[in-house]
Amino acid sequence: MAIRQNHFAWGVGTSAYQIEGAWDTDGKSPSIWDTMAHTLPMSDTGDIACDHYHRLDEDLDLLSEVGVNAYHFSAAWTRVLPSGVGEPNARGLAFYDRLVDGLLERDIEPWLTLYHWDLPQVLQDRGGWANRDSVEWFTEYASLMAEHFSDRVTHWMTINEPWVIAVLGHLEGLFAPGISDWQTTLAAGHHLLMAHGSATRAIKERSPDAQVGLSLDCRPAEPASNSSADAAATHHFDGFRNRWFFDPVFGKGYPTDMVAAYASKGRLDPTLIQPGDENLIGTPIDFCGINYYTSVRIAAGSEEMDEAEGPVGIDPPNDYTEMGWLVDPDALERFLLRVHYEWSPESIIVTENGASYSTGPDETGAVHDLRRIEYLDSHIMATMRARERGAPVDGYFVWSFLDNLEWRAGYSQRFGIVWVDHNTQQRILKDSAYWYRDRIAQDSAD
Ligand code: FCB
């Protein structure tokens with residue numbers, strides 16, 4: 001039975017590959033991101049990243065200074081099961097023991113994501129997520145983690161952003177494992193969702209009181225004009241980007257308009273979705289994590305551009321972050337309400353929200369990142385408006401705690417509320433960190 005949080009979770013988030021470094025330390029094996037970063041010329045790598053693996057205590061103290069009551073991080077599958085399956089690595093588990101225990105000592109709830117994109121390379125060599133066996137591999141990993149940590153970890157996210165993994169990794173080829181093929185994309189997406197359902201069951205079997213969910217990325221879309229053609233294109237885009245994942249996770253099965261569209265273009269292997277699969281994917285969850293950054297405007301004609309790269313957004317002239325993403329807090333409010341009305345999870349958590357601005361230290365060493373404060377303030381207000389209007393929103397996590405490796409964009413994009421000098425590893429709390437600390441304190445006092 002799902003339970004609403006008894007308090008609002010105020011947190012920050014990170015992921016293993018983006019901050020840990022120590023890519024081949026203490027028995028860790030390479031992940032698909034290690035492979036990609038080592039293969040592409042001129043690419044920033046996560047070999048050292050924020051060196052969090054070696055600076056754990058310092059980083060835990062910084063979390064306390066920011067005053068969060070929750071921390072959302074991911075475990076590297078390659079640290080705890082270097083062969084993907086089979087023999088666990090005690091040294092890998094020990095690192096997460098220190099992290100979890102260090103959080104609890106500081107009264108910070110650990111929110112553990114099992115998969116934030118770093119598949120063991122050994123499993124990619126066996127076909128990765130496109131192989132149906134990946135459901136079993138992931139369940140074995142989830143079971144091990146639940147067995148080991150559920151005495152201390154009560155909040156679990158299975159998969160982070162299945163759309164990104166499927167489409168950017170297997171259609172656009174931009175993210176690991178760098179594949180460009182429609183059938184592989186839909187196979188990977190399907191197995192990721194099945195793996196989510198199966199892992200949810202595995203965690204619940206071992207820890208019935210655990211709160212289990214996943215983080216779905218969303219991209220709210222509006223038609224570029226009032227024309228019916230733009231409305232139809234927007235509906236198609238929404239199917240490709242949002243409904244294909246939300247509908248089955250909430251037990252509605254895949255959207256039939258998209259199944260027909262994909263099948264008619266030969267993108268969907270007719271044997272992929274087997275009886276019982278959608279039932280597994282729809283395994284009830286305790287909360288739905290929403291990762292929100294931006295929204296898009298869709299014009300007719302662009303819905304077919306998902307052939308290669310996803311439909312083109314026609315952005316209105318407005319405010320953009322340094323990722324080139326439109327700042328649109330109202331779309332977050334509307335999407336949270338939509339999640340409540342259309343898919344009705346027991347509880348909703350904003351598991352990622354934040355902005356990239358490169359503002360650095362001034363001559364006194366202070367970081368006056370005013371634009372990030374404005375972004376966070378407007379999006380927290382949007383979250384609270386959705387909550388007041390009835391959406392069961394029980395938590396908000398800023399992305400990100402530290403400036404870190406922004407995947408293919410490398411270290412140039414800075415999402416942190418803590419500045420990291422990537423040469424010296426010095427950390428400085430930005431003004432946004434102090435602002436967030438005060439915002440949390442104000443909420444606790446209310
Ligand atoms: C999300 C990812 C996260 C980070 C932010 C900016 O899609 O989950 O790791 O890269 O975007």
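Model, not experiment: these values are computed from the prediction. In each ligand, atom 1 is the first atom listed, and ligand 1 is the first ligand listed.
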Give the atom numbers and elements of ligand 1 that come within less than 4.0 Å of a heavy atom of [X].
{"X": "Trp117", "answer": "2 (C), 7 (O), 8 (O)"}
{"X": "Phe415", "answer": "6 (C)"}
{"X": "Trp407", "answer": "3 (C), 4 (C), 9 (O), 10 (O)"}

Is the shortest side-chain N to carboxylate O distance from [X] to [Y] below 4.0 Å?
{"X": "Asp431", "Y": "Arg372", "answer": "no"}
{"X": "Arg241", "Y": "Asp217", "answer": "yes"}
{"X": "Asp238", "Y": "Arg338", "answer": "yes"}
{"X": "Arg414", "Y": "Asp369", "answer": "no"}

Using a 3.5 Å cut-off on N or O atoms only, is Trp325 in polar contact with ligand 1?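 Min N/O separation from ligand 1 is not below 3.5 Å for Trp325.
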
Checking heavy atoms under 4.0 Å, the part of Asn160 that sits near ligand 1 is side chain

Strictly distance-based, threshold 3.5 Å: is any side-chain N or O of Arg427 a donor or acceptor partner for the main-chain N or O of Gln425?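 A pair under 3.5 Å: yes.
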
task: Spell out, as yes or no, whether a donor-acceptor pair under 3.5 Å connects the side chain of Asn291 to the backbone of Ser215.
output: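 Pair absent, no side-chain N/O of Asn291 close to backbone of Ser215.
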
Which residue and atom name correspond to the protein heavy atom nearest [atom], and how close is it?
{"atom": "atom 10 (O) of ligand 1", "answer": "Glu406 OE1, 2.8 Å"}
{"atom": "atom 7 (O) of ligand 1", "answer": "Glu161 OE1, 2.5 Å"}
{"atom": "atom 5 (C) of ligand 1", "answer": "Tyr293 OH, 3.3 Å"}
{"atom": "atom 1 (C) of ligand 1", "answer": "Glu352 OE1, 3.1 Å"}

- Is the closest heavy-atom distance from Gln413 to ligand 1 below 4.0 Å? no

Aromatic rings Trp343 and Phe335: how do their planes relate, parallel, tilted or perpendicular, breaks at 30° and 60°?
tilted

